[in-house]
Amino acid sequence: MQCKRCGRSGLLLPEISLGLWHNFGSEDSYTNARDIIVHAFDKGITHFDLANNYGPEPGSAEINFGRILSENLSTHRDEMVIATKAGYKMWEGPYGDWGSRKYMIASLDQSLRRMGLEYVDIYYSHRYDPETPIEETMSALVQAVRQGKAIYAGISRYPVPQAREAYKILRDNGVPCLIHQERYNMFDRHAEEGLTDAVNEAGVGMITFSPLAQGLLSDRYLNGIPEGSRMTQGRFLKPEVLTDEKHAAIVKLNEIAQRRGQTLAAMALEWNLRQESVTSVLVGASSTEQLDKNLEALNGPAFADDELREIDEILKTA
């Protein structure tokens with residue numbers, strides 16, 4: 001596993017990190033979750049990304065991860081970077097959502113109890129809260145670091161103007177923002193519209209999620225919508241997303257991947273990593289086999305300029 005420096009910090013992160021949004025909660029197989037996490041660590045994935053509400057049920061991914069850590073990886077804690085977040089709805093009432101200092105601090109305490117940890121390596125504000133002063137939300141991250149409950153502070157899904165403000169507040173308080181988490185893939189390139197410049201200027205690392213556009217950038221939808229796929233469930237990926245234009249683009253992108261000796265998914269991950277601003281790419285996994293296929297991105301050839309131009313032309317039609 002190759003590592004990249006996270007912004008201008010001293011922290012190195014693996015180019016591929018494991019996200020526990022799906023497949024690690026109480027409604028999933030604990031044995032499968034354990035096998036994926038242990039296998040990921042064996043493959044050099046040292047960074048594990050969680051949030052308070054990951055499951056389902058909310059909180060159960062942290063509970064399962066904590067158990068797996070205790071039973072299988074406890075002697076390796078100092079070789080791991082564990083992140084969690086707060087910002088989306090976690091419990092009923094006025095104190096279990098958004099970005100108040102009350103919620104951010106209480107949620108971190110709950111996350112630490114669920115995982116059986118004294119601290120996390122990265123604590124994120126999961127989303128920008130337009131109703132709470134950004135100074136208040138950032139003060140919670142500063143407090144978490146100063147109390148030793150987190151080593152680094154991060155933000156996720158902040159618009160560029162608010163991100164720049166957050167970077168400045170954290171830096172002025174002596175707790176510089178380590179990392180910014182944002183969606184980024186071939187079909188969603190909004191991060192190139194100012195965010196990549198912002199993180200570079202501030203010396204902040206960038207970690208991307210949904211690099212495969214929730215599976216669109218894989219061979220799963222080459223022949224339409226298969227039964228049992230995420231799209232048939234219609235919860236996070238709606239069937240109407242797969243337009244004729246997008247399907248045609250997927251087929252053409254797959255042809256480029258085949259010429260490169262890669263799967264489409266591996267090429268899509270490598271396309272993320274080509275971006276100098278990107279420190280690491282978050283992948284999910286439903287099995288160890290799927291994880292290994294994603295790791296093939298690390299062995300692919302570098303993109304030639306003409307390949308990148310061809311990909312850009314295809315994406316203009318999608």
Side-chain angles (χ1 to χ4, degrees), residues 1-4 12-51 54-57 60-77 79-84 115-116 121 185 207-222 226-233 236-237 254 257-258 260-273 280-300:
M1 176 64 67
Q2 298 181 51
C3 293
K4 295 177 71 174
L12 297 172
L13 291 179
E15 289 189 323
I16 302 291
S17 299
L18 184 64
L20 278 68
W21 182 29
H22 292 299
N23 304 313
F24 298 90
S26 58
E27 297 180 8
D28 302 296
S29 165
Y30 174 81
T31 301
N32 187 55
R34 179 200 63 202
D35 291 347
I36 294 170
I37 289 171
V38 173
H39 184 70
F41 187 74
D42 285 342
K43 289 290 186 177
I45 295 178
T46 54
H47 178 31
F48 298 88
D49 181 82
L50 298 106
Y54 285 1
E57 297 286 328
S60 60
E62 289 183 327
I63 291 172
N64 284 342
F65 179 79
R67 178 182 168 190
I68 293 164
L69 181 63
S70 174
E71 295 177 354
N72 300 273
L73 296 167
S74 61
T75 58
H76 298 286
R77 172 64 184 96
E79 302 167 60
M80 305 169 76
V81 175
I82 300 169
T84 196
M115 291 187 282
D121 297 276
N185 58 62
I207 186 167
T208 58
F209 67 92
S210 196
L212 305 183
Q214 298 196 56
L216 282 178
L217 291 165
S218 70
D219 58 10
R220 173 163 283 194
Y221 297 99
L222 283 172
E227 282 299 319
S229 66
R230 186 178 292 181
M231 193 172 286
T232 60
Q233 300 169 7
F236 296 107
L237 190 61
N254 187 63
Q258 289 180 328
R260 291 169 50 82
Q262 290 180 296
T263 64
L264 175 56
M267 185 180 79
L269 290 172
E270 188 174 355
W271 183 88
N272 253 251
L273 287 167
S280 184
V281 179
L282 279 170
V283 301
S286 59
S287 66
T288 57
E289 292 79 13
Q290 185 186 42
L291 181 61
D292 283 341
K293 287 181 180 179
N294 287 336
L295 290 175
E296 292 174 8
L298 302 175
N299 300 318

Testing the 3.5 Å rule here: is there a donor-acceptor pair between the side chains of [X] and [Y]?
X	Y	answer
Asp292	His39	yes
Gln214	Ser210	no
Thr46	Glu79	no

Heavy-atom distance under 4.5 Å between the side chains of [X] and [Y], does that happen here?
X	Y	answer
Tyr30	Arg67	yes
Leu269	Leu212	yes
Leu12	Lys4	no
Met1	Leu295	yes
Trp271	Leu217	no
Ile63	Met115	no
Ile36	Phe24	yes
Leu291	Lys43	no

Task: Pairs flagged by salt bridge (charged side-chain N to carboxylate O under 4.0 Å, His left out) wherever residues 12-22 is involved - sequence neighbours left out - done: none

- [ ] Could I get the full list of ring-ring contact (aromatic ring centres under 6.0 Å, His included) partners for Phe41, not counting sequence neighbours?
- [x] His76

- [ ] Check whether any side-chain N or O of Ser60 sits under 3.5 Å from a backbone N or O of Ser26 as a donor-acceptor pair, and report yes or no.
- [x] yes

TODO: Would you confirm whether Asp28, through its side chain, and Gly25, through its main-chain N or O, come within 3.5 Å as a donor-acceptor pair?
DONE: yes

Task: Ion pair Glu289/Lys293, N-O distance below 4.0 Å - done: no

Which residues pass the side-chain contact (heavy atoms from CB on, under 4.5 Å) test with [X], not counting sequence neighbours?
X	value
Thr208	Tyr184, Met206, Asn272, Val278, Val281
Asp121	Arg77, Val81, Ile82, Tyr119, Ile151
Thr263	Ala265, Ala266, Glu296

Task: Over 12 non-hydrogen atoms of neighbours within 6.0 angstrom of CD in Glu71 - done: yes

Closest non-hydrogen atom pair between [X] and [Y], with its separation:
X	Y	value
Gly44	Pro14	O-CB, 3.9 Å
Leu13	Ser280	CB-CB, 4.4 Å
Ala40	Leu18	CB-CD2, 4.1 Å
Ser218	Leu222	O-CG, 4.3 Å
Ile37	Leu73	CG2-CD1, 4.0 Å
Pro211	Val283	CG-CG1, 4.5 Å

TODO: Report the residues that fulfil salt bridge (charged side-chain N to carboxylate O under 4.0 Å, His left out) with Arg260, sequence neighbours left out, ordered by chain and then residue number.
DONE: Glu270, Glu307

- [ ] Verify whether the ring centers belonging to Phe65 and Phe48 lie closer than 6.0 Å.
- [x] yes

